[in-house]
S.K.: 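After the structure tokens below, expect a handful of questions from me.
Side-chain atoms are counted along with the backbone in the values below, which use heavy atoms only and exclude waters and symmetry mates. The structure displayed is predicted, hence computed values, not measured ones.
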Amino acid sequence: MKFIDEAKIEVIAGDGGNGVASFCREKFRPFGGPDGGDGGKGGTIWAVADRNINTLVDYRFSKLHKARDGENGRGADCYGKGADDIFLRMPVGTLIVDHNTGEHIADLTEHDQVVLLAKGGEGGWGNIHFKSSTNRAPRQKSDGKEGERRELRLELKVLADIGLLGQPNAGKSTFITAVSNARPKIADYPFTTLHPNLGVVRVSHEKSFVIADIPGLIEGAADGAGLGVQFLRHLQRTGLLLHIVDLAPFEDTVDPVKEAKAIVKELQKYDTELFEKPRWLVLNKLDMVPEEERKKRVKDFVKRFGWKGPVFEISALTREGCDELITAIYSYLEQKRTREHRAEETQMTEEARGIASIDPDDPRFKVMD
């Protein structure tokens, strides 16, 4: 299936049915009175997050989604039938934005999350609602209201714990293949990866995390070079970035330090918040470096790159160093979850203390008779 992470659609909710002005005309009921029913409610359009969908391809070619109108009311106290609602299933991680105003309508982050996109119009009232002791034969009725209409922009941001960052042919696809169940295309030419790939990394039977691989970046990507930065949005939800560097390029004229600094520069141009995310340095393809030169080359790279964070030396092809990296990643994620859980508990405790500290005799909280 083709990977599509952007789409523009139009949603039109159904109009409400009109009420009717009608009077009872039956034998032996000379003063039957008004019996006009209400119109039915127009169909509403909802978005539903579905973890079994991983692309917006359905909305690239199906752009208009219109719900049916409610039926008009009829005589003999017959109400019009309400129209069925429409449920649009979208991948988890979809951001829904109003195309005209830029308003963020919803962010689908959980499976089966339901969000209102366009509300159907209410049905109009029939003349039975207007009868009174002084108006026994009302001819008033009301028309149904129009349903909402919106142009929406859908942006898919994949949900992953770890994101891979690096130049084309740095070995990102080989790495995700070695440590997870993902099977992306691998070849010896640049830009083999044309769309994001997700893989589940199993640390043990009950321990796992999700890793995302995006197409490689090159210098000038922020200005449209290569595949540009259109896929960097998929790293915005990750908790940790792995900057994978090819430490043994095929050409001697290629400087890994210069390429790595270019990646960091493009990341900073795209999004400051993404640039400030925790980032680890992963030096790959050490199997192609003579063993007696490895320490010297790694030390030289780290010094020239000016790196102060964690450094891991691996070979994705032979899996050398991969197990140690995976263990460190899972440990980091567990510590991060623990800190977040403690922060939530602390916040809940502080809120509970704030409620308990309210003085019931304080006049600001007394109910006025």
S.K.: About how many Å separate NZ of Lys308 and CG of Leu281, when rounded to the nearest 0.5 Å?
M.R.: 13.0 Å
S.K.: Does atom CG (Asn135) have a neighbourhood of more than 12 heavy atoms from anything else shown, all under 6.0 Å?
M.R.: yes
S.K.: Thinking salt bridges, do Asp323 and Arg319 make one under a 4.0 Å N-O criterion?
M.R.: yes
S.K.: Is there a continuous path of hydrophobic side-chain contacts, each under 4.5 Å between heavy atoms, that joins Leu116 to Val114?
M.R.: yes
S.K.: Tell me whether the count of non-hydrogen atoms from other residues, nucleotides or ligands lying under 6.0 Å of CD in Glu292 goes above 12.
M.R.: yes
S.K.: Minimum heavy-atom separation for Met288 to Ala248, with atom names?
M.R.: CB-CB, 3.8 Å
S.K.: If hydrophobic clusters are built by linking Ile, Leu, Val, Met, Phe, Trp and Tyr wherever their side-chain heavy atoms come under 4.5 Å apart, do Leu325 and Ile244 end up in the same one?
M.R.: yes
S.K.: With Leu164 as reference, evaluate Thr238, Leu242, Leu241 under the side chain to side chain contact (heavy atoms under 4.5 Å, CB included) test and give the passing residue.
M.R.: Leu242
S.K.: For residues 14-24, which side-chain N or O atoms pair as donor and acceptor with protein atoms under 3.5 Å away, sequence neighbours left out?
M.R.:
| residue | atom | partner | partner atom | Å |
| --- | --- | --- | --- | --- |
| Asp15 | OD1 | Gly147 | N | 2.9 |
| Asn18 | OD1 | Gly144 | N | 2.9 |
| Ser22 | OG | Asp35 | OD1 | 2.9 |

S.K.: Salt bridge or not for Lys145 and Asp143, using N-O below 4.0 Å?
M.R.: no
S.K.: Taking all non-hydrogen atoms of both residues into account, name the closest pair between Gln113 and Val115 and its distance.
M.R.: NE2-CG2, 4.0 Å
S.K.: Same hydrophobic cluster for Val179 and Leu317, using side-chain heavy-atom links shorter than 4.5 Å among ILVMFWY?
M.R.: no
S.K.: Tell me, do Asp107 and Ile96 make a side-chain contact under 4.5 Å, heavy atoms counted?
M.R.: no
S.K.: Do Asp246 and Asn284 make a side-chain contact, defined as non-hydrogen atoms from C-beta onward lying under 4.5 Å apart?
M.R.: no
S.K.: One pair to check against side-chain contact (heavy atoms from CB on, under 4.5 Å): Thr94 and Glu155. What are the steps and the verdict?
M.R.: CA-CA 6 Å; Thr94 301; Glu155 299 178 2; over 6 Å; no
S.K.: What heavy-atom pair brings Ala118 and Ala13 nearest, and what distance separates the two atoms?
M.R.: O-CB, 3.7 Å
S.K.: Are more than 12 heavy atoms, taken from residues, nucleotides or ligands other than Lys277, located less than 6.0 Å from that residue's NZ atom?
M.R.: yes
S.K.: Got a salt bridge between Glu320 and Arg294, using NZ or NE/NH1/NH2 to carboxylate O under 4.0 Å?
M.R.: yes
S.K.: Does the side chain of Leu88 reach to within under 4.5 Å of the side chain of Leu117, using non-hydrogen atoms?
M.R.: yes
S.K.: Got Val97 and Leu152 here, is their nearest side-chain heavy-atom distance under 4.5 Å?
M.R.: no
S.K.: Can you check whether Val201 reaches Ser208 side chain to side chain, under 4.5 Å on heavy atoms?
M.R.: no
S.K.: Whether Lys296 and Glu293 form a salt bridge (side-chain N of Lys/Arg under 4.0 Å from carboxylate O of Asp/Glu) is what I want to check.
M.R.: no
S.K.: Within a 6.0 Å radius of atom NZ on Lys299, are there more than 12 heavy atoms belonging to other residues, nucleotides or ligands?
M.R.: no
S.K.: Given His99 and Lys8, is the side-chain contact (heavy atoms from CB on, under 4.5 Å) satisfied, shown in steps?
M.R.: CA-CA 8 Å; His99 180 71; Lys8 180 183 173 183; 3.3 Å; yes
S.K.: About how many Å separate CD1 of Ile128 and CG of Asp77, when rounded to the nearest 0.5 Å?
M.R.: 5.0 Å
S.K.: Identify every side-chain donor-acceptor pair in residues 37-48 under 3.5 Å, counting partners at least two apart or on other chains, and give the distances.
M.R.:
| residue | atom | partner | partner atom | Å |
| --- | --- | --- | --- | --- |
| Asp38 | OD1 | Gly126 | N | 2.8 |
| Asp38 | OD1 | His129 | NE2 | 3.0 |
| Asp38 | OD2 | His129 | NE2 | 2.7 |
| Lys41 | NZ | Thr44 | OG1 | 2.9 |
| Thr44 | OG1 | Gly120 | N | 2.9 |
| Trp46 | NE1 | Asp85 | OD2 | 3.2 |

S.K.: Charged N to carboxylate O under 4.0 angstrom, Arg149 versus Glu10?
M.R.: yes
S.K.: Taking C-beta and beyond as the side chain, do Lys207 and Tyr330 meet within less than 4.5 Å on heavy atoms?
M.R.: yes
S.K.: Please report the interatomic distance NZ(Lys265) to NZ(Lys261), rounded to the nearest 0.5 Å.
M.R.: 11.5 Å
S.K.: Go through the steps to decide whether Leu165 and Leu267 satisfy the test side-chain contact (heavy atoms from CB on, under 4.5 Å), and finish with yes or no.
M.R.: CA-CA 9 Å; Leu165 192 68; Leu267 195 65; 3.8 Å; yes
S.K.: If we ignore hydrogens and angles and just use 3.5 Å, is the side chain of Arg279 paired with the main-chain N or O of Phe275 as donor and acceptor?
M.R.: yes
S.K.: Kindly indicate whether the side chain of Pro256, heavy atoms from C-beta on, has any atom under 4.5 Å from the side chain of Phe305.
M.R.: no
S.K.: I'd like to know if the side chain of Ser180 and the backbone of Thr177 have a donor-acceptor N/O pair within less than 3.5 Å.
M.R.: no
S.K.: Carefully, step by step, assess Val264 and His243 under the rule side-chain contact (heavy atoms from CB on, under 4.5 Å).
M.R.: CA-CA 9 Å; Val264 175; His243 187 170; 4.0 Å; yes
S.K.: Taking all heavy atoms of Ala106 and all of Leu95, pick out the closest pair and write down the distance.
M.R.: O-CD1, 3.5 Å
S.K.: Would you indicate whether Glu146, at its atom CD, is surrounded by more than 12 heavy atoms from other residues, nucleotides or ligands within a distance under 6.0 Å?
M.R.: no
S.K.: What's the separation between atom CE in Met90 and atom CD1 in Ile53, rounded to the nearest 0.5 Å?
M.R.: 9.5 Å
S.K.: Please determine if Asp255 and Arg304 form a salt bridge, counting it only when a charged side-chain N lies under 4.0 Å from a carboxylate O.
M.R.: yes
S.K.: Looking only at heavy atoms, what is the nearest atom pair of Ile314 and Cys322, with distance?
M.R.: CG2-N, 4.2 Å
S.K.: Could you check whether atom CZ of Arg337 has more than 12 heavy atoms from other residues, nucleotides or ligands sitting under 6.0 Å from it?
M.R.: yes
S.K.: Would you give the length of the straight line joining atom CG of Leu333 to atom CG of Leu240, rounded to the nearest 0.5 angstrom?
M.R.: 6.5 Å
S.K.: Would you call Asp98-Arg150 a salt bridge at under 4.0 Å N-O?
M.R.: yes
S.K.: Would you mind reporting whether Ile211 and Asp161 have side-chain heavy atoms less than 4.5 Å apart?
M.R.: no
S.K.: So, the side chain of Ser315 versus the backbone of Lys285: is there a donor-acceptor pair under 3.5 Å, distance only?
M.R.: no
S.K.: Closest heavy-atom contact between Ala328 and Trp280?
M.R.: O-CH2, 3.6 Å
S.K.: Check whether Ile86 and Leu154 end up in the same hydrophobic cluster, where Ile, Leu, Val, Met, Phe, Trp and Tyr are linked by side-chain heavy atoms less than 4.5 Å apart.
M.R.: yes
S.K.: Is it true that Phe301 and Trp307 have ring centroids separated by less than 6.0 Å?
M.R.: no
S.K.: To the closest 0.5 Å, what do you measure between CG (Leu156) and OH (Tyr59)?
M.R.: 12.0 Å
